[in-house]
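Here's the structure we're looking at; comments come further down.
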Number of protein chains: 2
Amino acid sequence: MEVVYAVRMSAAMRRKGQAAHRGRLDKRQAILAAAFEVFARRGYAQAGVDEVAAEAGVAKATVYNHFGDKETLLREAIAASAEEATAKNLAAVERLVDTGGDPRELLEDVGFRLIQCYCDEQSWALRRLLYAELAHLPDLLEIVQVHASARVQQALADRLARLALAGRLRISDPDSAVEQLSALLTGPLEARAAWGTRRLSAAEMRQVATAAVGTFLHAFGSRA
Amino acid sequence: MEVVYAVRMSAAMRRKGQAAHRGRLDKRQAILAAAFEVFARRGYAQAGVDEVAAEAGVAKATVYNHFGDKETLLREAIAASAEEATAKNLAAVERLVDTGGDPRELLEDVGFRLIQCYCDEQSWALRRLLYAELAHLPDLLEIVQVHASARVQQALADRLARLALAGRLRISDPDSAVEQLSALLTGPLEARAAWGTRRLSAAEMRQVATAAVGTFLHAFGSRA
DNA sequence: AAAAAGTTAGACTCATCAGTCTGGTTTGAT
DNA sequence: ATCAAACCAGACTGATGAGTCTAACTTTTT
């Protein structure tokens with residue numbers, strides 16, 4: 001069986017600028033996935049490391065070999081999940097390019113996709129975990145904010161700026177416009193999805209997207 | 001020392017339609033306040049009942065006499081805090097009356113007050129607690145949503161409807177308008193206040209309020 | 001083939017903490 | 001004045017769970 005070790009490849013990996021880890025990579029990833037799952041389901045304090053190990057199909061000692069302690073495990077699990085979520089968000093934002101069509105349709109499409117990301121089960125779980133342990137581990141916020149949401153906001157602002165430059169929108173401050181747009185997109189979801197405990201239909205997500213874009217275009221549309 | 005007992009006044013209180021509780025009311029309230037404080041500071045699982053008792057200046061047995069177990073204590077503490085927060089929010093909404101002046105100024109004033117409520121330390125703590133224990137105790141959400149935020153939204157929708165009827169706003173669906181307005185007011189706060197870990201200046205709150213009302217009036221102002 | 005690192009199952013330690021109990025004191029009702 | 005309920009301090013129980021350890025087994029390196 002072909003197995004990749006991280007530590008033994010550390011020289012090669014460091015050359016690529018990647019961090020070196022202890023243990024086998026496949027185990028590491030299984031543990032991270034299981035940890036996020038269990039922490040999300042039961043909460044950090046209620047979750048047992050034994051439980052995580054069982055769900056990952058791994059011995060408890062292996063978990064400790066990889067991550068040292070429970071808190072580190074939480075951090076890494078959250079960071080990994082945030083990275084995943086960010087990738088999906090960025091993919092949605094990348095569709096925001098001026099193809100000459102109606103900017104309303106374009107924004108509604110991208111808005112809908114962003115809402116889908118936001119309403120992903122894992123995405124809700126991530127925010128819940130983050131919120132829950134914020135008082136406890138304040139540095140978590142910085143990791144996620146700098147490493148995830150700020151990047152998405154930045155990308156979105158860039159795209160809006162280009163649309164504005166092309167005369168499709170009337171925006172003076174792209175950052176402020178993004179702030180308003182994402183508030184309009186995500187704000188209504190909190191209550192409607194009952195903070196992640198209720199599933200939204202695609203129709204309802206579309207409805208939120210069109211309402212958000214409608215209001216946004218009243219304020220920032222070029223024919224406003 | 002004059003002390004009010006709930007149980008001994010149960011006949012009188014039932015006549016007034018109020019729930020009867022075990023134990024002395026002053027102790028009960030001290031415990032609730034301390035419990036919220038401690039739960040907010042350390043998280044539900046990390047908080048010890050001994051700690052709550054100490055902070056309330058009360059024996060542990062008294063806590064159990066009043067609330068039976070830790071989970072009930074959390075529920076009641078959250079409910080009490082939500083009730084408090086709701087009262088403040090409703091007071092802000094009540095200022096939304098058409099006095100003949102500029103509706104923009106009016107909305108900005110009320111928006112600013114709502115933002116102040118939202119940014120209150122206790123308010124952030126309440127949302128954190130709620131978010132944290134949501135997976136664990138899903139019924140909490142219903143309590144707070146029905147008993148608190150829905151009431152505020154309802155009141156706000158009523159006021160907006162009156163302004164629309166008076167021709168100061170152009171609103172077809174007040175509920176949808178409230179959804180958008182509160183998204184615009186609160187959405188930007190999450191990131192700016194770093195989910196309650198950073199204090200906002202009054203100036204920054206004002207800025208968010210004017211931006212929100214600006215966008216809102218583009219969409220729903222009578223001269224839009 | 002031997003060494004080195006990783007993994008495994010499960011036993012084990014040790015601290016923490018919810019909830020109970022006891023025995024005695026304070027407080028308000030009657 | 002008397003009684004019952006509420007209170008107190010503090011000891012106690014029992015469960016839970018983080019982190020360690022051992023001894024055998026597997027995989028990769030050399």
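In what follows, every chain begins at residue 1, and chains take the letters A, B, ... in the order their sequences are listed. What's counted below: heavy atoms across the whole structure, side chains too, no hydrogens, waters or symmetry copies.
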Does B/Ala47 reach a base, just sugar-phosphate, or nothing at all? Heavy atoms under 4.0 Å.
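The answer is sugar-phosphate, as B/Ala47 gets under 4.0 Å only of primed atoms, P, OP1 or OP2.
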Select base, sugar-phosphate, or nothing to describe what A/Gly68 touches, counting heavy atoms under 4.0 Å on all strands.
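No contact.
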Out of C/dT7, C/dA18, D/dA18, which nucleotide sits closest to the side chain of A/Lys27?
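The answer is C/dT7, which lies nearest to the side chain.
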Out of C/dG6, C/dA18, D/dG19, which has the shortest distance to the side chain of A/Asn65?
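Per side-chain heavy atoms of A/Asn65, the pick is C/dG6.
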Figure out the [atom1]/[atom2] separation between [X] and [N], and round it to whole Å.
{"X": "A/Arg28", "N": "C/dA5", "atom1": "CZ", "atom2": "P", "value": "19 Å"}
{"X": "B/Leu73", "N": "C/dC17", "atom1": "CG", "atom2": "P", "value": "15 Å"}
{"X": "B/Lys60", "N": "D/dT13", "atom1": "NZ", "atom2": "P", "value": "14 Å"}
{"X": "B/Gln29", "N": "D/dC7", "atom1": "CD", "atom2": "P", "value": "13 Å"}
{"X": "A/Tyr64", "N": "D/dT22", "atom1": "OH", "atom2": "P", "value": "17 Å"}
{"X": "A/Arg24", "N": "D/dC25", "atom1": "CZ", "atom2": "C1'", "value": "13 Å"}
{"X": "B/Leu74", "N": "C/dC17", "atom1": "CG", "atom2": "P", "value": "16 Å"}

Against the six-membered ring of B/Tyr131, is A/Arg128 placed for a cation-pi contact (under 6.0 Å from the centre, within 45° of the normal)?
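No - A/Arg128 does not lie over the ring of B/Tyr131 by the 6.0 Å and 45° rule.
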Output, in order, the C-alpha distance, side-chain angles, deciding distance and verdict of salt bridge (Lys or Arg N to Asp or Glu O under 4.0 Å) for A/Arg113 and A/Asp109.
CA-CA 6 Å; A/Arg113 287 168 194 274; A/Asp109 177 62; 3.2 Å; yes
Side-chain N,O (A/His66) to OP1/OP2 (C/dG6) below 4.0 Å
no
Hey, is the side chain of B/Thr62 poking within less than 4.0 Å of OP1 or OP2 on D/dC8, counting only N and O atoms?
yes
So does B/Glu190 pair up with A/Arg127, basic N to acidic O under 4.0 Å?
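Looking at A/Arg127 together with B/Glu190, the answer is no, because their closest N to O distance does not fall below 4.0 Å.
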After noting the C-alpha distance and the side-chain angles of B/Glu204 and B/Arg199, does the key distance pass the salt bridge (Lys or Arg N to Asp or Glu O under 4.0 Å) rule?
CA-CA 10 Å; B/Glu204 200 167 352; B/Arg199 306 275 306 166; over 6 Å; no
